[in-house]
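First up is the structure itself, then whatever we jot down about it.
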Amino acid sequence: MKRQVLLQEFFERSAVVVARDLVGKFLVRKIRGKEIALMITETEAYEGENDLASHASRGRTARNAPMWDEARHFYVYLVYGVHEMLNVVTGKHNYPAAVLVRGVEGCTGPGRVTRALNVTRTLNGKRAVPESGLWFEDRGVRIAPRRIKRTPRVGVAYAGDWASKPYRFVLLDEKSNRGGVTASRRSRRSTVQ
DNA sequence: ACGATGATGAAC
DNA sequence: TTCATCATCGTA
């Protein structure tokens, strides 16, 4: 099988383009010698300081500082005191933009993705390279554009005009036309150790 | 429909 | 230092 680690140049583009292109790519996690690779099925783009849905819109703070890093760095934070959110930084250095990984195969929802792959804030600010234990790969899966649905982002109703921008990308299920990856088979309690 | 659960950022 | 809010999820 062809395995190509996604390099910095892949992420050095606009967040919207990277978000779209990440659908069908693989998120790979290595813990204690074991590797698990899951295809990405859902993403969202957060594009620049003008994007009112982005943490970057309030300016640079201790939490969101990784968004200003070079592309391919991770931005991981906690929401609702419960869920770790996994983002990859995109675009030029010092331009705050990132893509949120919202779903992988068998796992819908950003909090479930991080729980399934044991991703926490210890990865915040690290690079998406094999040495860090979490990275992205192209494994040769080709996704027809028709299979990717664009919608507004989730949970950002406060963001004014930016709330309705179609910055969310969802891989449609092969057999169903409505609503992304099958809702029926969500694995509950998957973990990697 | 709602509570969990804790960090963050802005106000006081 | 206090307080409202939060890029969500599981149970009801």
Side-chain angles (χ1 to χ4, degrees), chain A residues 11 13-23 25 27 29 38 40-69 71-91 95-126 128 134 136 148-171 179-192:
Chain A
F11 298 95
R13 300 176 293 162
S14 83
V16 173
V17 169
V18 174
R20 186 196 63 209
D21 283 358
L22 274 178
V23 173
K25 302 297 189 296
L27 184 59
R29 183 75 166 118
L38 296 172
I40 295 167
T41 56
E42 182 179 338
T43 59
E44 275 177 4
Y46 289 84
E47 187 72 276
E49 325 183 55
N50 295 329
D51 181 354
L52 294 178
S54 174
H55 291 170
S57 69
R58 297 183 183 230
R60 186 172 178 150
T61 66
R63 178 178 66 166
N64 65 19
M67 295 187 80
W68 277 261
D69 280 349
R72 201 201 201 189
H73 282 252
F74 291 121
Y75 170 41
V76 185
Y77 67 92
L78 190 70
V79 251
Y80 301 110
V82 180
H83 307 288
E84 310 272 351
M85 299 285 106
L86 172 65
N87 298 258
V88 215
V89 175
T90 66
Y95 175 78
V99 171
L100 170 67
V101 179
R102 292 191 54 90
V104 295
E105 48 183 330
C107 210
T108 299
R112 293 187 186 135
V113 170
T114 54
R115 191 182 64 184
L117 293 174
N118 200 31
V119 170
T120 68
R121 281 161 289 168
T122 58
L123 283 158
N124 189 38
K126 303 259 173 66
L134 183 67
F136 298 90
I148 302 179
K149 180 182 182 177
R150 283 189 76 161
T151 80
R153 293 169 292 185
V154 172
V156 297
Y158 57 83
D161 288 345
W162 292 81
S164 57
K165 289 191 183 290
Y167 283 4
R168 174 172 173 245
F169 298 86
V170 185
L171 180 63
V181 186
T182 4
S184 50
R185 62 148 181 147
R186 267 176 266 198
S187 67
R188 289 277 167 218
R189 181 156 285 285
S190 54
T191 44
V192 187

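Computed from a predicted structure; not experimentally measured.
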Just jot down the side chain to side chain contact (heavy atoms under 4.5 Å, CB included) partners of A:T120, sequence neighbours excluded, or say none.
->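 Scan of A:T120 (side chain to side chain contact (heavy atoms under 4.5 Å, CB included), adjacent residues dropped) gives A:E84, A:T122.
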Can you sort out the partners of A:H55 under side chain to side chain contact (heavy atoms under 4.5 Å, CB included), two or more places apart, ordered by chain and number?
->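 A:R63, A:N64, A:M67, A:Y75, A:Y77.
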Using a cutoff of under 3.5 Å, can you pull out all pairs of nitrogen or oxygen atoms linking the protein to nucleotides 1-7 of chain C, with atom names and distances?
unit_1: C:dA7; atom_1: OP1; unit_2: A:H55; atom_2: NE2; d: 2.7
unit_1: C:dA7; atom_1: OP2; unit_2: A:Y158; atom_2: OH; d: 2.7
unit_1: C:dA7; atom_1: N9; unit_2: A:Y77; atom_2: OH; d: 3.0
unit_1: C:dA7; atom_1: N7; unit_2: A:H55; atom_2: NE2; d: 3.1
unit_1: C:dA7; atom_1: N1; unit_2: A:N87; atom_2: OD1; d: 2.4
unit_1: C:dA7; atom_1: N3; unit_2: A:Y77; atom_2: OH; d: 3.2

Can you list everything that forms a side chain to side chain donor-acceptor pair (under 3.5 Å) with [X]? Sequence neighbours excluded, please.
X	result
A:R58	none
A:D51	A:R153
A:E47	A:Y95
A:N124	none

With heavy atoms under 4.0 Å as the rule, sort A:R168 into base, sugar-phosphate or nothing.
->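 No contact.
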Taking only residues two or more places apart in sequence, or in another chain, which ones meet A:F11 in a ring pair (Phe, Tyr, Trp, His ring centres under 6.0 Å)?
->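 With neighbours one apart ignored, the set is A:F136.
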Go through the side-chain N and O atoms of A:T43 and A:R102 and say whether any donor and acceptor fall under 3.5 Å apart.
->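 There is no such pair between these side chains.
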Check whether any side-chain nitrogen or oxygen of A:R112 sits under 4.0 Å from OP1 or OP2 of C:dG10, and answer yes or no.
->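 It does, given that an N or O in the side chain of A:R112 lies less than 4.0 Å from OP1 or OP2 of C:dG10.
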Can you tell me which stems DNA chain B forms when a stem means 3 or more consecutive Watson-Crick or G-U pairs under 3.5 Å?
->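 Stem list for DNA chain B: B:1-4 with C:8-11, B:6-11 with C:1-6.
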